[in-house]
There are 2 protein chains.
Amino acid sequence: MTVTRRSFLMRLAASGGYAAARAAMATLGLGAIDVAGARTNPPLNLAPGSGNGRSVLVLGAGIAGLVSAWEMRKAGYSVRVIEARDRVGGRNWTIRDGTRIEFTDGTVQVADFAPGHYFNAGPARLPSHHRTILGYCREFGVELEAEVNSSRSAYFLPDAAKGGQPVQLRRAVNDARGRVSELLAKAADRGALDHELSREDRARLVDFLKIYGDLDGQLTFKGSERSGYTVYPGADAQTGERPEPLSLEALLDPDLWSALVFDELLIFQPTMLQPVGGMDRIPAAFQARLGDAIILNTEVAAIHNKENSAGDGAGKGVSVAVRDRNGGNARTLEADFAIVTFPLPVLARVDTNFSADVKEAIASVEYDAASKIAWQSARFWETGSNIYGGISVVKHPTALIWYPSGGFHQPTGVLVGCYNIGQAARDFTGQPLQAQFDASRAVIDRVHPGSAALLKNPVSVAWHKVPYSLGPWVHWATPHERQYVRLNRPEGRVHFAGEYLSQIGAWQEGAALSAHHAVAAIAAAVAGTSSKTTSTTERA
Amino acid sequence: MTVTRRSFLMRLAASGGYAAARAAMATLGLGAIDVAGARTNPPLNLAPGSGNGRSVLVLGAGIAGLVSAWEMRKAGYSVRVIEARDRVGGRNWTIRDGTRIEFTDGTVQVADFAPGHYFNAGPARLPSHHRTILGYCREFGVELEAEVNSSRSAYFLPDAAKGGQPVQLRRAVNDARGRVSELLAKAADRGALDHELSREDRARLVDFLKIYGDLDGQLTFKGSERSGYTVYPGADAQTGERPEPLSLEALLDPDLWSALVFDELLIFQPTMLQPVGGMDRIPAAFQARLGDAIILNTEVAAIHNKENSAGDGAGKGVSVAVRDRNGGNARTLEADFAIVTFPLPVLARVDTNFSADVKEAIASVEYDAASKIAWQSARFWETGSNIYGGISVVKHPTALIWYPSGGFHQPTGVLVGCYNIGQAARDFTGQPLQAQFDASRAVIDRVHPGSAALLKNPVSVAWHKVPYSLGPWVHWATPHERQYVRLNRPEGRVHFAGEYLSQIGAWQEGAALSAHHAVAAIAAAVAGTSSKTTSTTERA
């Protein structure tokens, strides 16, 4: 039971020729580490008032920090949230007209979008089984709508070097299914699977494959209406015209395969959801409730356990040195506990009196790279290609074209014209911005000829260059089990939380669940020290 | 190039054991008739003013009638639309609080829904490739949102007699894909397909199937994360628990197959769309523009070609006898042309002087049956099952459970708890309403235990009992090619239009395209008779 997204990715990587697959996997949750311990976390359930008289400093106002603060405040803790940026949300960042995008290399962009347009530079979708983060949307009344992650009207664009033309996904998906079904039906029909199948099952399998793959009576795949039309059926005698089915050879292009599987990956299956108006409606809802408990524009310089105690709750609290983001107004905050939700590359720069193994864990986790580009454009994908949301997969460093899931039929919309990760993202974002934009524009124009002139006002967000993030997520292809195990345990009165400490890495759900885990650990420590009737070991 | 939905349905029906499949196909476009003639209809493009001085009576204010009227009025024709109901839209009918539902058998229901709730009793989705009807949405600013036709969190419920438990669709879909891939990979690996495959293709096929079906290194399917979890991954050590993969035997239950294919059928593939607030926002947009050209509550009693001419445009116009719906105020309207968009069982009761072959065509087309039931309910499918839109397929006369695509996280919503067609619908709706509601409630409770008490205020719409409809669509399993061909030609100055005269039967797109076809024929006749420079034969 420990297969996980990670081994899936490893297998993908191992199967060779897989740049496109990796690119489509850009958005995978890449966590999943097998750790000894409880297999099932109990739901977080802090008694109201159970935190009365206790204080906590939450360092970082991303999803992990906001969830931690909200839950602890509901339980009566005195909570302050320290955030270096001028906004909450962390990587949950929605860019609108006027948003300033600064990189660590000094690059500055200012988004120039029409009113109402937005670009979710970080997380942009919520799987239906991510109950925790969706639960906060329900609790706070954050309005949700369907996020169209998959459209059969979108395209796969083969490698330019192969000279291929864009292939509509309905054709690729259904011709692949037809070819697979035909081969299997013929093999079964001639008895090649009599080892595996009873006579009765063989007959039923063949019947099934006729339906599944749309085969004819001779078990041959001659194309399927499911693969779409070049001329659609109409009135009277217009029965429509269909393209020839794709050859097996075309379907066995490994560049195509990620386009054939991505929307069956657990985290990408329908239904996907998004907040109406931008993903940052979630952190905004927390912020509205946490009010001035959140202190923005304030950097953390140092975190010290006051007696550097290693035992549960045996220390005397935490002191945190902070300063204004411009470097002034240095001061020290104190609390009974701290929850650190920074990305590790940011935490690694903070002075601490943590033990050597914790410092080593923090310093040694490698982070990944990722970049997205967004354009404002007339909605040529709707008027020209009947595409309403979904993703075209392109064999190109920009990896995809991602169409907006809302605002259908408005004059313009925001199109994501690049989402790459890893070395591809490092290489791509090593170019000047204009070269990146030119590349994105060119590949969009290959999928949607004539669209180049419509693409306006691009912005790029390269997460590995974003201050206070320094990466999109942990680089999971590097083993980090040791660090994961260590940082899931507190260091004195300092607890750690973030998506990287969950089995749902890179997703807001993981951040929320990791926050619950840290909060529960603090609550257990408090219960252990404050309750006369319950032993620490039972609760800790 | 004449495969079509119809032959697909025939094959489904022929493959046996297929009640569930037929039920899931309830919503199929069942048209597709091969007819000699132009394979491609030119886009409708009437010159402004080209209809000046000409008049047309449009009989019926469903989509075909509204589209006809709108296009002809834009071209300058004098247009009146005669509609027997007290509303426009025809089968495009959105039921809200207070809507009165009358059946031909005298049954009366009045919907009791919360404000803002609605039930699309007729069409409820717009495929992304239905460009014509979507084009009217764009032209009129009818706001659209994604219609979630498919959710991997929804269920398949096996036959109660088989005692099966609900199976989540992500599990059925992905375990089926895994099993198919495993069988084919093993057959290919042992050389059973060396007839069909080169050595190189064999190796690539096996590589592909490892990805496609999530197989292990031994080409074995041991289950897949894609099939979901019984306990989802969480923080720290919670790696999640997965169900055992479904057996091949369970997957070869023919009752399941429609659930495995329906969302790859062309008309059900993502992206599907719906108007925000109800499908009747489309007819309402036409109505707002056509204004008092639409005459409601008025029945057609007779339609006569004034000289009963059979030739193109050689007649002297059309006279139409009408009366108020209560039988009073009989009067006769005249126009140069008429477009009849009634369902044929309604038209068959109208007095005409049509030729024998037309009368025979009208009288001999058999119509189908279909019924839907809607409930108002607390959103247990969201809170209990993470279902946001989509369809659960049930092996039961009610056929499905269809979850709302909007209003996520509101306290209540409208759940469709039945959508059956054909003989199943006739049998089912032959019972008293209360028995139908009890059956629907019971099957929903089997999929969602404990939900029965939450289901409130049901309403049923049985289209074969709805006055002025008398059925949902033509019964395509009966051959009707002769009638299709005949009625696609005008009878004197009377033209026919409706989804049933298109290759996209039962869909609004077909109604709109058929309307275009009729309008173009009238325009050609007018051009032929009014232009000195163009011969009739060239234009007709």
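- Under the rule for a side-chain hydrogen bond (donor to acceptor under 3.5 Å, both in side chains), the partners of A:His517 that lie at least two apart in sequence or sit in another chain are B:Asp236.
- Heavy atoms of A:Asp201 lying under 4.5 Å from chain B belong to its backbone as well as its side chain.
- Contact count versus chain B (heavy atoms, under 4.5 Å) is highest, among A:Leu273, A:Leu513, A:Leu248, for A:Leu273.
- Heavy-atom distances place no part of B:Leu169 under 4.5 Å from chain A, backbone and side chain included.
- For B:Lys222, no part lies under 4.5 angstrom from a heavy atom of chain A.
- Only the side chain of A:Leu197 comes within less than 4.5 Å of a heavy atom of chain B; its backbone N, CA, C and O stay farther away.
- Only the backbone of B:Asp253 comes within contact range of chain A, judged by heavy atoms closer than 4.5 Å.
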Subject >> side-chain contact (heavy atoms from CB on, under 4.5 Å) evaluation trace for B:Tyr229 with A:Leu266 >> reply: CA-CA 10 Å; B:Tyr229 287 88; A:Leu266 182 62; 3.5 Å; yes
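- With a 4.5 Å cut-off on side-chain heavy atoms, A:Glu382 and B:Arg138 count as touching.
- We find the CG-OG1 distance between A:Asn149 and B:Thr271 to be 10.0 Å, quoted to the nearest 0.5 Å.
- Between A:Leu209 and B:Val180 there is a side-chain heavy-atom pair separated by less than 4.5 Å.
- Among the candidates B:His129, B:Glu264, B:Gln269, the single residue satisfying the side chain to side chain donor-acceptor pair (under 3.5 Å) test with A:Arg152 is B:Glu264.
- Chain B forms more heavy-atom pairs under 4.5 Å with one residue of A:Leu144, A:Val173, A:Asn488 than with any other, namely A:Asn488.
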**OP:** Report the C-alpha distance between A:Arg177 and B:Tyr212 in whole Å, list the side-chain angles of each, state the deciding distance to 0.1 Å, and finish with yes or no for side-chain contact (heavy atoms from CB on, under 4.5 Å).
**Re:** CA-CA 10 Å; A:Arg177 193 145 114 164; B:Tyr212 191 66; 3.9 Å; yes
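- Put simply, of A:Leu183, A:Ile387, A:Leu205, the one with the most heavy-atom pairs under 4.5 Å next to chain B is A:Leu183.
- Interface remark: B:Leu260 contributes backbone and side-chain atoms alike to the contact with chain A (heavy atom separation under 4.5 Å).
- The distance from atom CG of B:Leu126 to atom OH of A:Tyr388, rounded to the nearest 0.5 Å, is 9.0 Å.
- Contact of A:Thr383 with chain B is made through backbone and side chain together, with heavy-atom distances under 4.5 Å.
- The structure places CD of B:Gln503 at 15.0 Å from OH of A:Tyr232, a figure rounded to the nearest 0.5 Å.
- For A:Arg190, the part lying near chain B is the side chain, with the backbone staying farther off; criterion is any non-hydrogen pair under 4.5 Å.
- Heavy atoms closer than 4.5 Å to chain B are found in the backbone of A:Leu501, but not in its side chain.
- Partners of A:Ser405 according to the side-chain contact (heavy atoms from CB on, under 4.5 Å) rule, which considers only residues two or more places apart in sequence or in another chain, are A:Glu147, A:Val148, A:Gln274.
- Contact check for A:Phe408 versus B:Val276: no side-chain heavy atoms found under the 4.5 Å cut-off.
- Chain A forms more heavy-atom pairs under 4.5 Å with one residue of B:Ser514, B:Ser150, B:Gly141 than with any other, namely B:Ser150.
- For the pair A:Glu182/B:Glu196, no side-chain contact is recorded, criterion being any heavy-atom separation below 4.5 Å from C-beta on.
- Shortest non-hydrogen contact noted between B:His409 and A:Cys137 is ND1-C, 4.0 Å.
- Between chain A and the residues B:Ala192, B:Ala146, B:Ser128, the largest count of heavy-atom pairs under 4.5 Å involves B:Ser128.
- The parts of A:Glu249 that come within reach of chain B are both its backbone and its side chain, each placing non-hydrogen atoms under 4.5 angstrom from that chain.
- The closest side-chain heavy-atom distance from A:Asn386 to B:Leu134 is not below 4.5 Å.
- Shortest non-hydrogen contact noted between A:Gly384 and B:Arg131 is O-NH1, 4.0 Å.
- Within the 4.5 Å cutoff, the side chain of B:Arg179 has no heavy atoms near those of the A:Leu184 side chain.
- Under the 4.5 Å side-chain criterion, counting only non-hydrogen atoms from C-beta, A:Trp257 is in contact with B:Phe208.
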